[in-house]
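In what follows, every chain begins at residue 1, and chains take the letters A, B, ... in the order their sequences are listed.
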Protein chains: 2
Amino acid sequence: MSDEKPPHGDEVDAITEAVLTASRLLVGISAKSVAAVAGPITLPQFRLLVALGSRGPLKLVSLAEMLGVNPSTATRTVDRLVTAGWAERNSNPDSRREITVGLTTAGRDLVDRVTEYRRGEIAAIVERIPHEQRAGLVQALQAFTEAGEEPPPRASPYDAGLTHWT
Amino acid sequence: MSDEKPPHGDEVDAITEAVLTASRLLVGISAKSVAAVAGPITLPQFRLLVALGSRGPLKLVSLAEMLGVNPSTATRTVDRLVTAGWAERNSNPDSRREITVGLTTAGRDLVDRVTEYRRGEIAAIVERIPHEQRAGLVQALQAFTEAGEEPPPRASPYDAGLTHWT
DNA sequence: CATCACCATTGCATAATGCAATTCTTGCCC
DNA sequence: GGGCAAGAATTGCATTATGCAATGGTGATG
């Protein structure tokens, strides 16, 4: 655009473009990983498991909030996960109006397998990056992540590979 | 698994971890962007619009394949988008068994607004990255993207921010 | 022209969602 | 202590998203 530019306009554009592109790749990997490992589970269900995996047992409302869905949706998704044997409902001794939802061993296992798979996919890509570039990558990504995390201490169900809402 | 590792195991791990973290951040941004701009549209619907936006008018089967969903799902999602005024069905003069689906002006507009929003979100983060790190970022991300794209010439509906399937 | 492959659509069943009750449980105020 | 407001989970209802399996048309090939 401009030849005599503000200190960094074009540079920012270039980086933004690069991030956007990398973003697509990463999202594709997440999707693929769940599909490859977690056969008969749906993405929303898996996201819920990931949330439980990273924040331990949660009460229903917290869980729903963390996932960004309505509590009723969480209730019913938990129903299905319990039926499938991946999650369990536990009554809270301190307050009988709340329950806590946690992973079963099978559930934790599933989450671990998907994470491992994804880690492997990414590692495979990293292996193909020329050594000279690698050091730069870590620094660059950390810088990016730090810059992005300042405002919101984002959590992890996004980790599942996607969101959903409406 | 193996304790005696190849020359660079740790380095790969570090990068993988960094990528994983950045990945979460990026996915969150995508989600937020659609939510912020595209009021009464759902994510699957929006993904379809993005696909149309990046590959021009498509026949239904191609569209479904691109999104990774069943043609019947695509048919019905298109129905809703047409009703909402974001997409249009056109008969193909060359072959009456096919149709093509394209964006309306309103549809293209919606996609553009979301993309702009997301670009802005990312740019805002990039602006906070120390200058010294920026050059490295572009190179590093490009190296990563190239390494990742080698096998699959990944497309773009992932661009929407997420996937869905089952 | 007869069959086979391809395309879009529709039927059917299940999952995911949100919003609006409903039912308990807690807490708090008088 | 009684009662009432707020909080938590669930259930009812309607819409969307999905996949699989027909169905009805269209094109192509022999």
Side-chain angles (χ1 to χ4, degrees), chain A residues 31 34-35 38-51 57-84 86-102 157 160-166, chain B residues 31 34-35 38-51 57-84 86-102 157 160-166:
Chain A
V34 183
I41 197 179
T42 67
L43 183 59
Q45 286 174 17
F46 184 72
R47 284 220 312 141
L48 197 153
L49 295 185
V50 171
L58 290 170
K59 61 177 194 167
L60 197 78
V61 175
S62 312
L63 188 52
E65 190 180 343
M66 197 166 164
L67 294 171
V69 301
N70 193 290
S72 67
T73 299
T75 291
R76 283 180 278 235
T77 301
V78 167
D79 287 343
R80 295 180 187 116
L81 290 172
V82 169
T83 300
W86 286 312
E88 54 187 11
R89 263 197 188 78
N90 297 303
S91 52
N92 180 343
D94 295 338
S95 129
R96 284 198 309 197
R97 65 176 163 181
E98 303 177 2
I99 64 166
T100 59
V101 185
L162 228 347
T163 347
H164 166 244
W165 50 198
T166 130
Chain B
V34 183
I41 197 178
T42 65
L43 182 58
Q45 286 173 17
F46 184 73
R47 282 222 311 142
L48 198 153
L49 294 185
V50 171
L58 290 171
K59 60 176 193 170
L60 198 78
V61 175
S62 311
L63 188 53
E65 190 181 343
M66 198 166 164
L67 296 170
V69 302
N70 192 291
S72 68
T73 299
T75 291
R76 282 179 279 234
T77 301
V78 167
D79 287 344
R80 292 176 191 121
L81 291 172
V82 169
T83 300
W86 285 312
E88 52 187 11
R89 265 198 186 78
N90 297 302
S91 52
N92 181 342
D94 295 338
S95 127
R96 285 197 311 198
R97 67 177 163 180
E98 302 177 2
I99 64 165
T100 60
V101 185
L162 230 346
T163 346
H164 167 244
W165 52 195
T166 132

Task: Which nucleotide in dA8(C), dT10(D), dA17(D) has an atom nearest any side-chain atom of T73(B) - done: dA17(D)
Open item on the list: Any side-chain N or O of T75(B) below 4.0 angstrom from OP1/OP2 of dT9(C)?
Closed with: yes
Open item on the list: Expressed as a whole number of angstroms, how long is the span from R47(B):CZ to dT16(D):C1'?
Closed with: 15 Å
- [ ] Can you tell me the distance, in whole Å, between the CG atom of L49(B) and the P atom of dA17(D)?
- [x] 11 Å
Open item on the list: Using only atom types and a distance under 3.5 Å, with no angle test, would you say the side chain of R47(B) pairs donor to acceptor with the backbone of L67(B)?
Closed with: yes
Open item on the list: Once hydrogens and angles are ignored, does a donor-acceptor distance under 3.5 Å link the base of dG11(C) to the side chain of R76(B)?
Closed with: yes
Task: Candidate nucleotides dA9(D), dT18(D), dT25(C), ranked by approach to the side chain of R96(A) - the nearest - done: dT25(C)
TODO: Quickly work out the L63(A) CG to dT10(D) P distance and round it to whole Å.
DONE: 11 Å
TODO: Take atom CG of D79(A) and atom C1' of dA15(C), then tell me their distance rounded to the nearest Å.
DONE: 12 Å
TODO: Indicate whether OP1 or OP2 belonging to dT9(C) is found under 4.0 Å from a side-chain N or O atom of R89(B).
DONE: yes
Open item on the list: Does dA16(C) have OP1 or OP2 under 4.0 Å away from a side-chain N or O of Q45(A)?
Closed with: yes
- [ ] Report yes if some heavy atom in the side chain of R89(B) is under 4.5 Å from a heavy atom in the side chain of L81(B); otherwise report no.
- [x] no
TODO: Can you see which heavy atom on I99(A) is nearest to which on V101(A), and at what distance?
DONE: CD1-CG2, 4.1 Å
Task: Rounded distance in Å - CG (L43(A)) to P (dT14(C)) - done: 21 Å
Task: Any side-chain heavy-atom pair of N92(A) and K59(A) under 4.5 Å - done: no
Open item on the list: Output the rounded distance in Å from CG (L81(B)) to P (dT16(D)).
Closed with: 11 Å
TODO: Take atom CG of N70(B) and atom P of dC6(C), then tell me their distance rounded to the nearest Å.
DONE: 16 Å
- [ ] Measure from the side chain of S72(B), starting at C-beta and using heavy atoms only, and say which of dG11(C), dT17(C), dA8(C) lies closest.
- [x] dG11(C)
TODO: Compare all side-chain heavy atoms of L48(A) with those of V69(A) and state whether any distance is below 4.5 angstrom.
DONE: no
Task: Side-chain-base donor-acceptor pair under 3.5 Å for R97(A) and dG7(D) - done: yes
- [ ] Could you tell me whether the phosphate oxygens of dA16(C), OP1 or OP2, come under 4.0 Å of any side-chain nitrogen or oxygen in R80(A)?
- [x] yes
TODO: Quickly work out the K59(B) NZ to dC6(C) P distance and round it to whole Å.
DONE: 10 Å
